[in-house]
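Letters go in sequence order (proteins before strands), and every chain restarts at 1.
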Number of protein chains: 2
Amino acid sequence: MKTASRSNNRLEVLLSSAAELFSTFGYQATTTRDIAKKCGMLPGSIYYHYPNKEALLVAVYQEGVRQLTERVQSVLATSDDPWERLELMLATHIEMIVEPTAYASVIIRILPDNVPSVEAELTRLRDQYEVVLRDLVGALPLPLGCDRRLMRLFLIGAVNHVHVWYQPGGSSPSEIAKELLRYFRCPAQSNSEGSS
Amino acid sequence: MKTASRSNNRLEVLLSSAAELFSTFGYQATTTRDIAKKCGMLPGSIYYHYPNKEALLVAVYQEGVRQLTERVQSVLATSDDPWERLELMLATHIEMIVEPTAYASVIIRILPDNVPSVEAELTRLRDQYEVVLRDLVGALPLPLGCDRRLMRLFLIGAVNHVHVWYQPGGSSPSEIAKELLRYFRCPAQSNSEGSS
DNA sequence: CCTACCGATCGGTAGG
DNA sequence: CCTACCGATCGGTAGG
């Protein structure tokens, strides 16, 4: 049986193969030949789908952001409590970045300035996703004097670092998210503030 | 005037050139020719000092850990208060990793698994430094039920991420460290714990 | 004309 | 440290 869209039937496996290799070994260390081999193509065949290696990375990044956003939005629909929503978001984020085959790992492993030729585009995609976290932090009831931008940056740093130390036998993603927010739920009032 | 150790008089500039390039562009993206050019050598001459590119990275890593440990130990001598000591350590750490020419940036930019052939050695060096943080977190007066290991991992993730978003015009390293510890000083008591 | 690649090779660069 | 190179592999492209 012939299908009309046979042209894209190997694009998916190409993208997921690239995602897995990029997230495991990094961008520079992954060769186009590695990617081709993993998805059963010959080395040159990648260039039928993408004009170059950078464009392939951008495509993986896009899919990563899409998957992260989709999953996060779906769990956010289950709660109205600001702290619970943040905890759900962080738990889902951790879940997705510790899954080594996932596109999401690429987004935290490959920093935009690792690939200068597409740095602006990668930054745009990251920022697009981080808006979700910014809004969740923005909705929290916090004492005056809390810098929500810094809080967001501390949280994203802490959860992305989980990718480095996570072990399947240890704390689960939701346990990690819960323990992290234990600290942020009750910030100490800033004291000894000099007049400025 | 001849000196006996003429053989090492360019080693320092080789190491610092490598550190700057590794921290700016990453390990894979920095070529041995880039490094040689930066310190006025010809491509092959690096191999007079180090047997290969990995060994050069290890030397940079070692110097980074040495400098970080030295600076941190010196500021720790100025206080006996556990929370103040932790804040001083974190502020010093941030200071050193946002300085782009510093060896310390290499340690947080190049993860051990970026270079599998020397992964064990790089991990050993990182762990050696992180012992300082482990001891500082261990000395804190904390409520029961706080997981000090997780707290340490959250802190190191948050401060290392500063390297990504730090802008010279914004919050200073010590302001960032102070604001971060505001959250960790007063963890919420864990509630709704089910019996297990 | 198109889809989905292949066999071979391009200009350059890697560590040594 | 330099000169003069090597084995191999890199990302990318040729015609079919």
[N] [atom2] sits how many Å from [X] [atom1], rounded?
| X | N | atom1 | atom2 | value |
| --- | --- | --- | --- | --- |
| B:Gln28 | C:dG15 | CD | C1' | 12 Å |
| A:Ile46 | C:dC6 | CD1 | C1' | 14 Å |
| B:Leu42 | D:dT3 | CG | P | 5 Å |
| B:Lys37 | D:dC2 | NZ | P | 15 Å |
| B:Ile35 | C:dG15 | CD1 | C1' | 12 Å |

Under 3.5 Å donor-acceptor pairs involving side-chain atoms of residues 86-97 of chain A, not counting sequence neighbours:
| unit_1 | atom_1 | unit_2 | atom_2 | d |
| --- | --- | --- | --- | --- |
| A:Glu87 | OE1 | A:Arg185 | NH1 | 3.4 |
| A:Thr92 | OG1 | A:Leu88 | O | 2.8 |
| A:His93 | ND1 | A:Tyr129 | OH | 2.7 |
| A:His93 | NE2 | A:Asn160 | OD1 | 2.8 |
| A:Glu95 | OE1 | A:Arg71 | NH2 | 2.9 |

Kindly write out the residues that satisfy side-chain contact (heavy atoms from CB on, under 4.5 Å) with B:Asp147, not counting sequence neighbours, or none if the list is empty.
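Counting only residues at least two positions away or on another chain, B:Asp147 forms a side-chain contact (heavy atoms from CB on, under 4.5 Å) with A:Glu179, B:Arg149, B:Leu150.
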
Name all residues meeting the side-chain contact (heavy atoms from CB on, under 4.5 Å) criterion together with A:Pro116; count only those two or more places apart in sequence or in a different chain, and write none if there are none.
->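 Partners of A:Pro116 under the side-chain contact (heavy atoms from CB on, under 4.5 Å) test: none.
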
> Listed by chain and number, what are the ring pair (Phe, Tyr, Trp, His ring centres under 6.0 Å) partners of A:Tyr103, not counting sequence neighbours?
Replying inline: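 If we apply the ring pair (Phe, Tyr, Trp, His ring centres under 6.0 Å) test to A:Tyr103, skipping adjacent residues, there are no hits.
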
- Give one of base, sugar-phosphate or nothing for B:Ser45, where a contact means two heavy atoms less than 4.0 Å apart.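 Base, at least one base heavy atom under 4.0 Å.
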
Does B:Thr30 reach a base, just sugar-phosphate, or nothing at all? Heavy atoms under 4.0 Å.
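The residue B:Thr30 makes no contact with any strand.
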
Could you run down the sub-3.5 Å N/O contacts of the protein with nucleotides 10-12 of chain C?
none

Worksheet entry | For B:Ser79, all residues meeting side chain to side chain donor-acceptor pair (under 3.5 Å), sequence neighbours excluded |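 Partners of B:Ser79 under the side chain to side chain donor-acceptor pair (under 3.5 Å) test: B:Glu84.
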
Inset, instruction - Can you establish whether the number of heavy atoms outside B:Asp81 located under 6.0 Å from its atom CG is more than 12? - result: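 Yes, because the 6.0 Å sphere around CG of B:Asp81 holds more than 12 heavy atoms from other groups.
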
Heavy atoms from C-beta onward define the side chain here; which of C:dG15, D:dT3, C:dC6 lies closest to that of B:Tyr47?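 When the side chain of B:Tyr47 is considered, C:dG15 is the closest of C:dG15, D:dT3, C:dC6.
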
Residues 25-34 of chain A side chain polar contacts: donor-acceptor under 3.5 Å, at least two apart:
| unit_1 | atom_1 | unit_2 | atom_2 | d |
| --- | --- | --- | --- | --- |
| A:Tyr27 | OH | A:Glu54 | N | 3.3 |
| A:Thr30 | OG1 | A:Leu21 | O | 3.2 |
| A:Thr30 | OG1 | A:Gly26 | O | 2.7 |
| A:Thr31 | OG1 | A:Arg33 | N | 3.4 |
| A:Thr31 | OG1 | A:Asp34 | N | 3.0 |
| A:Thr31 | OG1 | A:Asp34 | OD1 | 3.3 |
| A:Thr31 | OG1 | A:Asp34 | OD2 | 3.1 |
| A:Asp34 | OD2 | A:Thr31 | N | 3.1 |

- Task: Could you identify which residues cluster with A:Leu42, counting Ile, Leu, Val, Met, Phe, Trp and Tyr as linked when any side-chain heavy atoms lie under 4.5 Å apart, either directly or through a chain of such contacts?
- Result: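 Via sub-4.5 Å side-chain contacts, A:Leu42 links to none.
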
Transitive ILVMFWY cluster of A:Val164 at side-chain heavy atoms under 4.5 Å: who else is in it?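 When side chains under 4.5 Å apart are linked, the cluster holding A:Val164 also contains B:Leu111.
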
Is the B:Phe184-A:Phe184 ring centre distance short of 6.0 angstrom?
->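 Ring-ring flag for B:Phe184/A:Phe184: true, centres closer than 6.0 Å.
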
Side chains of residues 55-65 of chain A: which donor-acceptor pairs under 3.5 Å do they make with residues two or more places apart or in other chains?
| unit_1 | atom_1 | unit_2 | atom_2 | d |
| --- | --- | --- | --- | --- |
| A:Tyr61 | OH | A:Ile107 | O | 3.3 |
| A:Tyr61 | OH | A:Ile110 | O | 2.6 |
| A:Tyr61 | OH | A:Arg126 | NE | 3.1 |
| A:Glu63 | OE1 | A:Arg66 | NE | 3.0 |
| A:Glu63 | OE2 | A:Arg66 | NH2 | 2.9 |
| A:Glu63 | OE2 | A:Gln67 | NE2 | 3.0 |

Where along residues 51-64 of chain A does a heavy atom come under 4.0 Å from DNA chain D, residue by residue in number order?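 Listed by number, they are A:Pro51, A:Asn52, A:Lys53, A:Glu54.
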
A correct dot-bracket answer for DNA chain D, with pairs being Watson-Crick or G-U at under 3.5 Å, [ ] for crossing pairs and | for inter-strand pairs, is ....||....|...|.

| query | Taking atom C1' in both D:dG12 and C:dA8, what distance in whole Å separates the two? | reply |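 Here D:dG12 and C:dA8 have their C1' atoms 13 Å from each other.
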
